[in-house]
There are 2 protein chains.
Amino acid sequence: MTTIGAHEDRLFAALANTTRREVLRLLRDDGPQPVQALADHFDMRRPSLSEHLKVLREAGLVSEERAGRQRIYRLEAAPLADVQDWLHPYERFWRDRLKGLGDLLDRMPDDDET
Amino acid sequence: MTTIGAHEDRLFAALANTTRREVLRLLRDDGPQPVQALADHFDMRRPSLSEHLKVLREAGLVSEERAGRQRIYRLEAAPLADVQDWLHPYERFWRDRLKGLGDLLDRMPDDDET
DNA sequence: AGAATAGGTAGGAGATTCCCTACGAGTCAA
DNA sequence: TTGACTCGTAGGGAATCTCCTACCTATTCT
């Protein structure tokens, strides 16, 4: 049913936008806050930000809590642990090969271990 | 003009696709290989995979080396270190279990994973 | 009740994504 | 040189993204 990787697709796609990453940073640094307080930081109409919040919600990265006529958004960092888990098997590839920027490493005879 | 976060946008966007993440996994697990060897794993025409490889190249996640009429693609994991760096300030938000205050945030205190 | 406030939704425009088929540029083998 | 092989690019179409303006509901305050 759920196509393979659909959850990770949504997660990475949610992060692939500067505005949305900035929202996450604001929630992380300034704590839970209503929509308007978030919107004040962006050169963008509020409905557009609402849609970004929807994307973040559907990725599980934020939650909303109703407080009167406001909706308080809160960072939900759990999905980011999934990102780190995904990252983990690649870690040795940038730890082992702390190579210089040269293209000469490909020509090193002892570098190739296919 | 908005160079702000453009690099990270491209990086996360490159990862926001199951096919492209699978390409990275193949390069990680099976080592550098030509395009056709990669394409064999997907239900997709080769030119489409070529475009995925272009996205990965522009995100710096793979490099190509010409070998005769083949092009050998290789995993370049360095940008993934940037992802981990981006992730780092959020880490305490899923390691700490919050600081009380919530109402429904974590009603089960013994839900700890090992 | 009526007005003001907070914020989601509808629908559209323009750009981008992701797949396809055709075709072009190099490279190897006969 | 001719032909086969590898791979990228051009261009198109359907879907999706990201912004907008209008509009709607829900809540709070006179």
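Note on naming: letters A, B, ... go to the chains in the order of the sequence lines (proteins, then strands), and numbering restarts at 1 for each one. Note that the structure is predicted; figures quoted are calculated from it, not measured.
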J.: I need the CG-P distance between B/Leu53 and D/dC7, as an integer number of Å.
T.: 10 Å
J.: Nearest whole angstrom, please: distance from the C1' of D/dC24 to the CZ of A/Arg71.
T.: 12 Å
J.: Figure out the CD/C1' separation between B/Glu58 and C/dT17, and round it to whole Å.
T.: 13 Å
J.: Rounded to whole angstrom units, what separation is found between the CD atom of A/Gln70 and the P atom of D/dT27?
T.: 13 Å
J.: Indicate yes or no: does B/Asp9 engage A/Arg21 in a salt bridge with an N to O separation below 4.0 Å.
T.: yes
J.: Compare all side-chain heavy atoms of B/Val23 with those of B/Leu75 and state whether any distance is below 4.5 angstrom.
T.: no
J.: Check whether any side-chain nitrogen or oxygen of A/His52 sits under 4.0 Å from OP1 or OP2 of D/dC19, and answer yes or no.
T.: yes
J.: With the 4.5 Å side-chain cut-off for hydrophobic clustering, are A/Phe93 and B/Leu53 part of the same group?
T.: yes
J.: Against B/Glu64, only a single residue in B/Lys54, B/Arg74, B/Arg71 fulfils salt bridge (charged side-chain N to carboxylate O under 4.0 Å, His left out); can you say which?
T.: B/Arg71
J.: Nearest whole Å is fine: how far is D/dT6 P from B/Arg69 CZ?
T.: 6 Å
J.: Select from B/Ala13 and B/Arg66 the residue whose nearest nucleotide in DNA chain C is closer to the 5' end of that strand.
T.: B/Ala13
J.: State whether B/Asn17 places a side-chain N or O below 4.0 Å from either non-bridging phosphate oxygen (OP1 or OP2) of C/dT17.
T.: no
J.: Would you say B/Arg28 has more than 12 foreign heavy atoms packed within less than 6.0 Å of its CZ?
T.: yes
J.: Mind running a 4.0 Å heavy-atom check of residues 19-43 of chain A against DNA chain D and sending the residues that fall below it, in number order?
T.: A/Arg20
J.: In whole angstrom, what separates A/Ile72's CD1 from C/dA6's P?
T.: 11 Å
J.: D/dG11 P sits how many Å from B/Lys54 NZ, rounded?
T.: 12 Å
J.: Decide yes or no for B/Phe12 and A/Leu11: does some side-chain heavy atom of the first lie under 4.5 Å from some side-chain heavy atom of the second?
T.: no
J.: Side-chain N or O of B/Tyr73 less than 4.0 angstrom from OP1 or OP2 on D/dG8?
T.: yes
J.: Would you name the heavy atoms of A/Trp94 and A/Leu87 that are closest together and state the gap between them?
T.: CH2-CG, 4.1 Å
J.: Round to the nearest Å and state the distance from A/Glu64 atom CD to C/dG7 atom P.
T.: 10 Å
J.: Quick one, B/Leu61 and B/Val55 - any side-chain contact, counting heavy atoms below 4.5 Å?
T.: no
J.: With a 4.0 Å heavy-atom cut-off, tell me which residues in residues 44-51 of chain A come close to DNA chain C, sorted by residue number.
T.: A/Arg46, A/Pro47, A/Ser50, A/Glu51
J.: Determine yes or no for a side-chain-to-main-chain donor-acceptor pair under 3.5 angstrom, with B/Glu65 supplying the side chain and B/Ser63 the backbone.
T.: no
